[in-house]
*Asks:* 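I'd like to ask some things about the structure below.
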Amino acid sequence: MKLTIERAALLRALGHVQSVVERRNTIPILSNVMLKAEKGKLSLAATDMDIEIVERVPAQVSRDGATTAPAHTLYDIVRKLREGAQIELDAGSDRGSMTLRSGRSTFTLQCLPPEDYPHLAGGELPHTFQLTASELKQLIDRTRFAISTEETRYYLNGIYFHATRSNEMPVLRAVATDGHRLARVEMMCPEGAAGMPGVIVPRKTVGELRKLIDENEGEIGLALSETKIRFAFGEATLTSKLIDGTFPDYDRVIPTGNDKILEVDCKTFAEAVDRVATISTEKSRAVKLSLDKNTLVLSATSPENGTATEELEVRYNAAPMEIGFNSRYLLDIAEQIEGEGVQFAMSDAASPTVVRDTADPSALYVLMPMRV
Amino acid sequence: MALVRLCRDCGAEPPEVARRCAQCGSTRLVAHPELGALAIAHIDCDAFYASIEKRDDPTLADKPVIVGGGKRGVVAACCYVARLSGVRSAMPMFKALRLCPDAVVIPPDMAKYKAAGREVRRLMEETTPLVQPLSIDEAFLDLTGTDILHKGPPARTLGLLARRIEREVGVTVSIGLSYNKFLAKIASDLDKPRGFAVIGRAEAESFLAPRPVGLLWGVGAALQRRLAADGITTIGQLRAYREQELVGRYGSIGRRLYRFARGEDDRRVDPDAPTKSISSETTFAQDTGDGALIEAELRPLCAKVAQRLVAAGLAGTTVTLKLKTADFRIRTRAHRLDRPTQRAEVLLETALLLLARELDGTRFRLVGIGADGLVPGREADPPGLFDQQLGLGSASISSSRALIVKSL
């Protein structure tokens, strides 16, 4: 294999694939990136056996071929080369090493044979549909904060995507929960998605996916089976295993009869919560909401620090009540609300509360109150 | 400063050098120039469990006594007669019995030791309110400002306290007296058993200089190896380095190393020092690598830790699994919970997840479970959305092993 490539193009592609490579690997070849030159393109691939990213970039290929080189080292070298530099990659006939030349710099990297590089066998991915980058971004951003990190609840360690019906309309839904809060976002079901099985996309995949979305506009092609999912962005493709578990029946925990309705300006509310929570020393950062006719008093107490209260003008016409929440959770939700107003539908201090953007029915959040 | 002398048995202050106390005839005299000025003490009961057994059965008085669990356990405590044969606490029982075949082995009676420990603590607390217990049988005491109350300097008060513990509880103690906690703790070990050792300000640095760094609080085997690799084996060698150098090389412990090497320690004797972790462990009847057998041992341990968390009004945010391999290597594995817990099922579920990763054919002799990162109990186990749907208590080692395969 022999080729010449512009630094910026190589750096960008390496940046995408190398982040999949784990820092510590028991299988040596998993520390490497697979490099393959053919037909005027360099294809780069990396995997951790659960996720695989493949990206193709144009290059001046003078000899087709393939090798695998240490991903993080190669990335660091390319990163440190001068902007605008041309880079020559040359894996000779012995293939045990690859030479990288740029200007007056020469590096020789230890390589492993490309035949040994594992591939995440795609298998049949029968369900295919298209989403725009901004649609997928919305589905991810408004749910990912609620993904559980608790490994004993492995089936909550990802975003659950499934097709269902909402108000008689077919929708595609993304749901994430850590058991104490839940985020549900839906959109019109894209063509081809209606028959898809419900799938749980793991947290790490969501993170890698999110980086790729940021650098790609336009359409993303999705293809999935019950065990794998693939996202195709122009020249980059991300394939991932799915979490082998059953997502809980989340519909049952979304209350429908909550009749104590609070409406408040989202920005004012978030700023006040943030201020009041400063006093709280507990890990849970509890904030108490005391509601009376058209007034909301936010308060926090800490045995060590003292107390904080702040009064807000709100819309509230139900019976007076007090309810406590984790302030972090309130702020996470507020951050995802783009409209001006946020609506809380409550029942009592011990039952789940439903939070919505007053201007946007596509997203819904459920919060479990805290004892305060 | 004038030399101060003290008789540890009657509290008399002999005016001049003498072999015996003029008042009571005791030979247990201490003399130290700073004796009147030092007020921080570390009191450590001598071979506590074994001493209690000897107290309760006078026929054991001159026999080697080992307290510990069965042939496979370890030595929990051994009397000074047994120590003559080389027996040490924490030594595996088989090894102890090889060294001292005629030892009388007594299974531990924790309830009895706890009762005696409480008695000792009560006598300490009658002496000064500033008692910081470290375990059932040792504590730091700060006697600053008690001179008027006890009509004498702290050294004399301590001598009398030691005698009172002997008479009322029936066990002996060793006392270390100095001007800070770290030196007091070192001192209590110098003259065991029934000792009284003093480290004053004047000699602290020269006393410490030739001693191994392992003597310092917080310097365990791992740090000792790192220090040795850098050519530091004695405390005196530490003094060649600036504070920033030590912090740069060894992290925050570096600050402590710098100060300790100069005999400085500004930690207070804190009677309310919070509990840092609650744990429980057990040694198996036979070494095993079988997950199901280890799980069976873990269940009651988790229940016990949960009970103790509830009793103490605390909740754990981190679960720590401890395993000791058949060749006595210790593995500890920790998992941070999303939310604090005091429930046995959560402890077990988490412990099993950690355990499943360690089942690689290695045979283990001990398992332990601990809850760390303790927070007030009212923060424990907040109600969740799926509490009814996702029942707890169904975890088993086989489901945990499957789970590791499933989680990406």
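Letters go in sequence order (proteins before strands), and every chain restarts at 1.
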*Asks:* Tell me, for A:Ser351 versus chain B, whether the close heavy atoms (under 4.5 Å) come from the side chain, the backbone, both or neither.
*Replies:* neither
*Asks:* Between B:Arg331 and B:Asp360 (salt bridge meaning N to carboxylate O under 4.0 Å), is one present in this structure?
*Replies:* yes
*Asks:* What part of B:Arg378 gets closer than 4.5 Å to chain A, counting heavy atoms only: side chain, backbone, both or neither?
*Replies:* both
*Asks:* Which answer fits A:Arg203, side chain, backbone, both or neither, if we ask what part of it has an atom under 4.5 Å from a heavy atom of chain B?
*Replies:* neither
*Asks:* Any idea which of A:His180, A:Met368, A:Glu150 has the most non-hydrogen atom pairs under 4.5 angstrom with chain B?
*Replies:* A:His180
*Asks:* Tell me, side chain or backbone of A:Leu182 under 4.5 Å from chain B's heavy atoms, or both, or neither?
*Replies:* both
*Asks:* A:Glu22: which residues meet the side-chain hydrogen bond (donor to acceptor under 3.5 Å, both in side chains) condition with it, sequence neighbours left out?
*Replies:* A:Lys204
*Asks:* State plainly whether the residues B:Arg329 and B:Asp327 are in salt-bridge range, i.e. N to O under 4.0 Å.
*Replies:* yes
*Asks:* What class does the angle between the rings of A:His162 and A:Tyr250 fall in, given that below 30° is parallel, 30 to 60° is tilted and above 60° is perpendicular?
*Replies:* perpendicular
*Asks:* If the threshold is 4.0 Å, N to carboxylate O, is there a salt bridge linking A:Arg153 and B:Glu349?
*Replies:* yes
*Asks:* Using non-hydrogen atoms and a 4.5 Å limit, figure out which bit of A:Asp249 sits close to chain B: side chain, backbone, both or neither.
*Replies:* both
